[in-house]
Protein chains: 2
Amino acid sequence: MDKYVDILKKHGIKVTPQRLEILRFLDTHHTHPSADEIYMELKKKHPSLSKTTIYNTIQSLKDCGLLVTLLISPNESRFDSLINPHHHLLCSECGKILDINVECPYSRKVLAGGHRIDEVHGYFKGVCEKCLMKGGK
Amino acid sequence: MDKYVDILKKHGIKVTPQRLEILRFLDTHHTHPSADEIYMELKKKHPSLSKTTIYNTIQSLKDCGLLVTLLISPNESRFDSLINPHHHLLCSECGKILDINVECPYSRKVLAGGHRIDEVHGYFKGVCEKCLMKGGK
DNA sequence: TCTCACATTGTAATCATTACAATCAGAGGG
DNA sequence: CCCTCTGATTGTAATGATTACAATGTGAGA
Ligand SMILES: [Mn+2]
Ligand SMILES: [Mn+2]
Ligand SMILES: [Zn+2]
Ligand SMILES: [Zn+2]
């Protein structure tokens, strides 16, 4: 019936109302939200929800590969439920984090030098196209 | 006389004993230390030193381009006084952060799509060569 | 239905970072 | 020289993201 019930079941995560809401939010908001943004939004409908449940659920989703943590903005982690490999740009004007789909020769996790590579993160900092147009920077 | 006195003067940062020690430490330890690691080490010789002074000095050094912040390990920022563009690997076995000198087509900060790029960060997570040899993973 | 073991949740603590008040040092006036 | 004032530097105390762990809930088996 519900798409998110299926996803949770398929990955062996027990279905709870909190988890469903968090998963739904992440799947419908590809804005790379912080834990606090998820919390603030969902608290409106579920006042008893605690922030820790956000973190716990995030951890579960991460464990089965449904979620990736971005360490691009100082102070707080951001979360991304688009898990195909892509890079990110943090705009210093509007604060948004944009997906950057560039050809990256290291995305396939092979690297000279004998190290084993499990994750590849490409972060850019700058000013996004929209803000450049607007602000005339 | 002292190399570090010169560097601070050249960049218009007032010379103080705390700043000299912090700069010396960063220049002689290219291990990408956290603020706490710098603090713990320098506190031995300067017990009155506060952690905030570490952060303040780091900010000053960053402002004149002598230092870069790495957001590769969760929980804490790491600092790098090697400012030529290079990538990093965080080893999940030994916890070390290694310099990775690969050809990166995006290091020159030009990117299709109309965004302005100011910084490029390439982070890899995995297991370093040394740990692979040792552990037989 | 009752008990127990484990999973889930949320309260309270932890710890990196930041805001701001206390301290210091140097410039200019007496 | 010494005193005063101003801005720079420092460190104490607050903030806020994250984590540890105790309280609560759930579901299987007796
Ligand atoms: Mn993304
Ligand atoms: Mn480095
Ligand atoms: Zn922008
Ligand atoms: Zn290693």
Side-chain angles (χ1 to χ4, degrees), chain A residues 4-5 7-9 11-23 25 32-64 66-80 90 95 97, chain B residues 4-5 7-9 11-23 25 32-64 66-80 90 95 97:
Chain A
Y4 303 110
V5 173
I7 295 178
L8 291 181
K9 279 185 180 166
H11 287 86
I13 303 177
K14 198 169 286 183
V15 177
T16 73
Q18 290 96 332
R19 287 175 175 173
L20 278 177
E21 285 302 315
I22 294 168
L23 180 57
F25 184 87
H32 313 98
S34 66
D36 197 60
E37 282 166 359
I38 303 170
Y39 175 67
M40 286 309 187
E41 191 55 34
L42 298 187
K43 202 169 175 54
K44 294 174 186 171
K45 292 192 178 173
H46 304 258
S48 85
L49 181 71
S50 99
K51 214 178 214 175
T52 306
T53 296
I54 306 283
Y55 282 108
N56 287 335
T57 302
I58 283 170
Q59 186 57 52
S60 303
L61 297 176
K62 238 189 323 192
D63 287 345
C64 47
L66 290 169
L67 197 67
V68 169
T69 302
L70 307 183
L71 292 178
I72 188 171
S73 65
N75 314 328
E76 62 186 2
S77 296
R78 300 304 195 106
F79 303 100
D80 196 348
L90 170 62
I97 295 173
Chain B
Y4 302 110
V5 173
I7 294 178
L8 291 180
K9 279 184 179 168
H11 286 85
I13 303 177
K14 200 168 283 181
V15 177
T16 72
Q18 288 95 333
R19 288 176 175 172
L20 278 177
E21 285 302 315
I22 294 168
L23 180 56
F25 184 87
H32 314 99
S34 66
D36 197 59
E37 283 165 359
I38 302 169
Y39 175 67
M40 286 309 187
E41 190 56 35
L42 298 186
K43 202 168 176 52
K44 294 174 186 169
K45 292 192 178 171
H46 304 258
S48 86
L49 181 70
S50 100
K51 214 179 215 174
T52 305
T53 296
I54 306 282
Y55 282 108
N56 287 334
T57 302
I58 282 170
Q59 186 59 51
S60 303
L61 297 176
K62 237 188 325 192
D63 287 344
C64 48
L66 289 169
L67 198 66
V68 168
T69 302
L70 306 183
L71 293 178
I72 189 173
S73 67
N75 314 328
E76 61 187 3
S77 296
R78 301 303 197 106
F79 304 100
D80 195 349
L90 172 62
I97 296 173

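In what follows, chains carry the letters A, B, and so on, assigned in the order in which the sequence lines appear, proteins first and then strands, with residues in each chain numbered from 1.
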Determine all donor-acceptor pairs shorter than 3.5 Å in which one atom belongs to a side chain in residues 46-53 of chain A; sequence neighbours excluded.
{"unit_1": "A:Ser50", "atom_1": "OG", "unit_2": "A:Thr52", "atom_2": "N", "d": "3.2"}
{"unit_1": "A:Ser50", "atom_1": "OG", "unit_2": "A:Thr53", "atom_2": "N", "d": "3.4"}
{"unit_1": "A:Lys51", "atom_1": "NZ", "unit_2": "A:Asp36", "atom_2": "OD1", "d": "2.6"}

Exercise. If you look at every strand shown and take non-hydrogen atoms under 4.0 Å, does A:Thr52 touch a base, only sugar-phosphate, or nothing?
Worked result: base

Problem set entry | Nucleotide D:dG16, atom C1' - distance to CG of A:Asn75 in whole Å | 9 Å

Exercise. Do the side-chain N or O atoms of A:Lys51 get closer than 4.0 angstrom to the phosphate oxygens (OP1, OP2) of D:dA17?
Worked result: yes

Seminar exercise, completed: Closest heavy-atom pair, A:Leu71 versus B:Ser73, reported as atoms and distance to 0.1 Å, is CD1-C, 3.9 Å

Exercise. NA contact type, A:Ser34, heavy-atom cut-off 4.0 Å: base, sugar-phosphate, or nothing?
Worked result: nothing

Seminar exercise, completed: Of B:Leu71 and A:Ser48, the one whose nearest nucleotide on DNA chain C sits closer to the 5' end is A:Ser48

Exercise. What is the minimum heavy-atom distance between A:Phe79 and A:Ala35, and which atoms define it?
Worked result: CE1-N, 3.7 Å

Exercise. What's the spacing between B:Tyr4 OH and B:Leu23 CG if we round to 0.5 Å?
Worked result: 6.5 Å

For this session: To the nearest Å, give me how far apart NE2 (B:His46) and C1' (D:dT10) are.
Result: 15 Å

Exercise. To the nearest Å, how far apart are A:Glu37 CD and D:dT18 P?
Worked result: 12 Å

Exercise. Does B:Gln18 put a side-chain nitrogen or oxygen below 4.0 Å from OP1 or OP2 of D:dT10?
Worked result: yes

Problem set entry | Whole-Å gap separating C1' (D:dT26) and CZ (A:Arg19) | 12 Å

Problem set entry | d(CG, B:Asn56; P, D:dA8) in whole Å | 13 Å

Ignoring hydrogens and angles, write down the donor-acceptor pairs under 3.5 Å from the side chains of residues 11-18 of chain A, residues two or more places apart or on other chains.
{"unit_1": "A:His11", "atom_1": "ND1", "unit_2": "A:Ile7", "atom_2": "O", "d": "3.0"}
{"unit_1": "A:Thr16", "atom_1": "OG1", "unit_2": "A:Arg19", "atom_2": "N", "d": "3.2"}

For this session: Please find the earliest and latest nucleotides of DNA chain C, in the 5' to 3' direction, that have an atom within less than 4.0 Å of any heavy atom of chain B.
Result: C:dA16 to C:dA19

Exercise. Within this structure, what is the CD1-to-C1' distance between A:Ile54 and D:dT19, rounded to whole angstrom?
Worked result: 15 Å

